[in-house]
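Whatever order the structure lists them in is the order used to number ligands and atoms, beginning at 1.
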Amino acid sequence: MGQLNLILVGPPGAGKGTQADRLRGDFDLPYYATGDILRAAVKEESELGREAKAYMDKGDLVPDALICKVIMERVDSTEAADGFLLDGFPRTQGQADVLNDALERRGRKLTAALQIDVPDEEVIRRLSGRRTCVKNGHNYHVEFDPPKNEGVCDQDGSRLIQRDDDKPETVRHRLDVFHEQTKPLVDYYEKKGLLRHFDGERPPGEVHAHIRATLATLQLEEKL
Ligand code: AP5
């Protein structure tokens with residue numbers, strides 16, 4: 001089968017993590033979510049976590065140098081040799097350039113940038129109701145995607161909590177950061193012919209079906 005080197009792009013709360021959870025099983029892709037990696041580092045109180053925490057708490061991006069190293073080690077790993085799914089990276093033009101140059105040097109290229117479109121007001125509604133499991137970061141929404149038992153993860157039985165950066169004032173700031181620093185990447189990938197848009201306001205199952213069908217086609221094209 002053709003190699004799938006994929007990135008998920010979209011505002012906070014677009015449903016990137018929700019879709020990634022489903023897609024990684026469909027296509028057996030190693031999945032690297034920068035937010036999850038950074039939150040784990042904060043929890044472990046590693047050097048990376050200590051450096052990243054203050055930026056994350058405010059809803060700012062951590063510096064490119066910090067995150068690029070972390071993600072490129074994973075892209076270069078043996079498990080990602082036949083493809084990968086990145087969630088939350090790249091988020092700045094500098095990060096996009098690092099990824100592009102690194103792939104080029106290794107004779108690889110990005111297959112597609114999967115953009116999940118959701119308006120700002122929907123982002124605010126979603127993040128205020130999001131609950132995340134403490135063990136593996138599985139996502140729920142109290143209204144749109146509730147767990148079977150309140151406060152308990154369906155998949156691993158762990159406790160569901162609200163993320164610190166999902167407070168309303170921090171969500172607004174994260175949206176501003178997205179519009180200023182990450183949105184320009186949409187044009188960048190559009191010009192490269194790599195952008196695929198998905199309507200993130202559809203129910204999660206429909207968004208998933210649409211992305212999955214697009215990826216199946218791309219995978220066949222890569223094979224030809
Ligand atoms: P990160 O964890 O990546 O946060 P984010 O991009 O803001 O994305 P979210 O995880 O908030 O949202 P999502 O799109 O995954 O949505 P979800 O599926 O959860 O980053 C956190 C921080 O880390 C950043 O602020 C920054 O400090 C730092 N960082 C990370 N990467 C970095 C980088 N590259 N450079 C520098 N700094 C970096 O869904 C949201 C909610 O909506 C859930 O409740 C879900 O159940 C619900 N939902 C999902 N889909 C639907 C649907 N279709 N309909 C209705 N509800 C839905």
Side-chain angles (χ1 to χ4, degrees), residues 7-23 31-42 48-49 51-72 74-75 85-96 98-99 114-120 122-133 136-147 153-155 160-167 170-183 185 198-211:
I7 59 172
L8 276 163
V9 191
K16 302 183 297 293
T18 301
Q19 294 305 323
D21 246 3
R22 298 165 189 229
L23 294 168
Y31 165 62
Y32 307 117
T34 42
D36 291 349
I37 294 168
L38 291 169
R39 278 185 291 278
V42 170
L48 171 66
E51 285 191 60
K53 188 173 185 323
Y55 297 98
M56 295 175 76
D57 284 349
K58 279 192 281 178
D60 283 327
L61 297 182
V62 308
D64 283 356
L66 210 62
I67 195 70
C68 285
K69 183 171 176 287
V70 170
I71 218 67
M72 290 322 303
R74 283 161 172 89
V75 167
L85 175 61
L86 298 184
D87 169 359
F89 186 96
R91 259 176 149 109
T92 64
Q93 187 60 53
Q95 294 177 16
V98 166
L99 179 64
L114 312 172
Q115 158 80 13
I116 304 182
D117 299 305
V118 171
D120 288 4
E122 176 69 9
V123 165
I124 292 165
R125 279 203 314 146
R126 284 188 187 180
L127 295 188
S128 58
R130 172 165 61 184
R131 298 293 180 268
T132 306
C133 92
N136 291 305
H138 297 125
N139 285 318
Y140 298 86
H141 191 281
V142 290
E143 191 184 337
F144 311 130
D145 188 14
C153 179
D154 293 347
Q155 296 184 60
L160 301 180
I161 54 157
Q162 182 166 38
R163 258 168 57 175
D164 286 344
D165 61 351
D166 281 349
K167 287 182 231 126
T170 317
V171 169
R172 279 195 195 90
H173 183 63
R174 284 163 64 198
L175 268 169
D176 290 343
V177 169
F178 170 77
H179 286 294
E180 279 162 30
Q181 302 193 49
T182 308
K183 198 83 182 287
L185 295 185
F198 300 94
D199 179 358
E201 287 194 276
R202 311 296 306 166
E206 283 184 31
V207 182
H208 172 224
H210 188 188
I211 301 180

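- Selection from Lys16, His138, Arg125 by nearest heavy atom to atom 13 (P) of ligand 1 gives Lys16.
- Judged by distance alone, the side chain of His141 and the main-chain N or O of Arg125 form a donor-acceptor pair under 3.5 Å.
- For the side chain to side chain contact (heavy atoms under 4.5 Å, CB included) test, residues two or more places apart in sequence or in another chain that qualify with Thr132 are Arg130, Asn139, Arg163.
- Nearest to atom 54 (N) of ligand 1 by heavy atom, out of Arg39, Gln181, Met56, Arg126, is Arg126.
- Counting heavy atoms under 4.0 Å from ligand 1, residue Val62 touches it through both backbone and side chain.
- Annotation for ligand 1: atoms under 4.0 Å from non-hydrogen atoms of Ala14 are 14 (O), 16 (O).
- Residue contact check: Pro203 has heavy atoms under 4.0 Å from atoms 53 (N) of ligand 1.
- With hydrogens and angles disregarded, no donor-acceptor distance shorter than 3.5 Å links the side chain of Gln181 to the backbone of Thr92.
- Residue contacts with ligand 1, taken as heavy atom pairs separated by less than 4.0 Å, involve Asp145 solely via side-chain atoms from C-beta onward.
- Every heavy atom of Lys58 sits 4.0 Å or more from the atoms of ligand 1.
- In this structure, Arg163 counts as a contact residue of ligand 1, since one of its heavy atoms falls inside 4.0 Å of the ligand.
- With respect to Asp57 and Lys53, a salt bridge is recorded, a charged nitrogen being found less than 4.0 Å from a carboxylate O.
- Below 4.0 Å from some heavy atom of Gly88 lie the following atoms of ligand 1, by number and element: 31 (N), 32 (C), 33 (C), 34 (N).
- Each of the following atoms of ligand 1 lies closer than 4.0 Å to a heavy atom of His141: 44 (O), 46 (O).
- Heavy atoms of Gly129 come nearer than 4.0 angstrom to ligand 1 in no pair at all.
- Between Gly17 and ligand 1, a contact under 3.5 Å exists for at least one N or O pair.
- One N or O on the side chain of Arg126 and one on the backbone of Ala14 form a donor-acceptor pair closer than 3.5 Å.
- Here Asp60 has backbone heavy atoms under 4.0 Å from ligand 1, and that is the only part of it that gets that close.
- Remark: the backbone N or O of Lys58 is not paired with any side-chain donor or acceptor of Thr170 at under 3.5 angstrom.
- Listed by number with element, the atoms of ligand 1 under 4.0 angstrom from any heavy atom of Tyr140 are 43 (C), 44 (O), 46 (O).
- Between Asp166 and Arg174 there is a salt bridge, since at least one side-chain N of the basic residue sits less than 4.0 Å from a carboxylate O of the acidic one.
- Only the side chain of Ile67 comes within 4.0 Å of ligand 1, counting heavy atoms alone; its backbone N, CA, C and O stay farther away.
- Of all atoms in ligand 1, numbered sequentially from 1 with element shown, those under 4.0 Å from a heavy atom of Arg174 are 4 (O), 5 (P), 7 (O), 9 (P), 11 (O).
- In this view, Glu51 and Glu47, Leu66 satisfy the side chain to side chain contact (heavy atoms under 4.5 Å, CB included) rule, not counting sequence neighbours.
- Residue Arg130 has at least one nitrogen or oxygen atom sitting less than 3.5 Å from a nitrogen or oxygen atom of ligand 1, judged on distance alone.
- For Gln19, no heavy-atom contact with ligand 1 is shorter than 4.0 Å.
- The residue Glu201 has no part lying near ligand 1, judged by heavy-atom distances below 4.0 Å.
- Using a 4.0 Å cut-off to heavy atoms of Gly200, the atoms of ligand 1 that qualify are 53 (N).
- Residue Thr18 approaches ligand 1 through these ligand atoms, each under 4.0 Å from one of its heavy atoms: 17 (P), 18 (O), 39 (O), 45 (C), 49 (C).
- Residue contacts with ligand 1 for Phe178 are absent, since no atom lies close enough (heavy atoms, distance under 4.0 Å).
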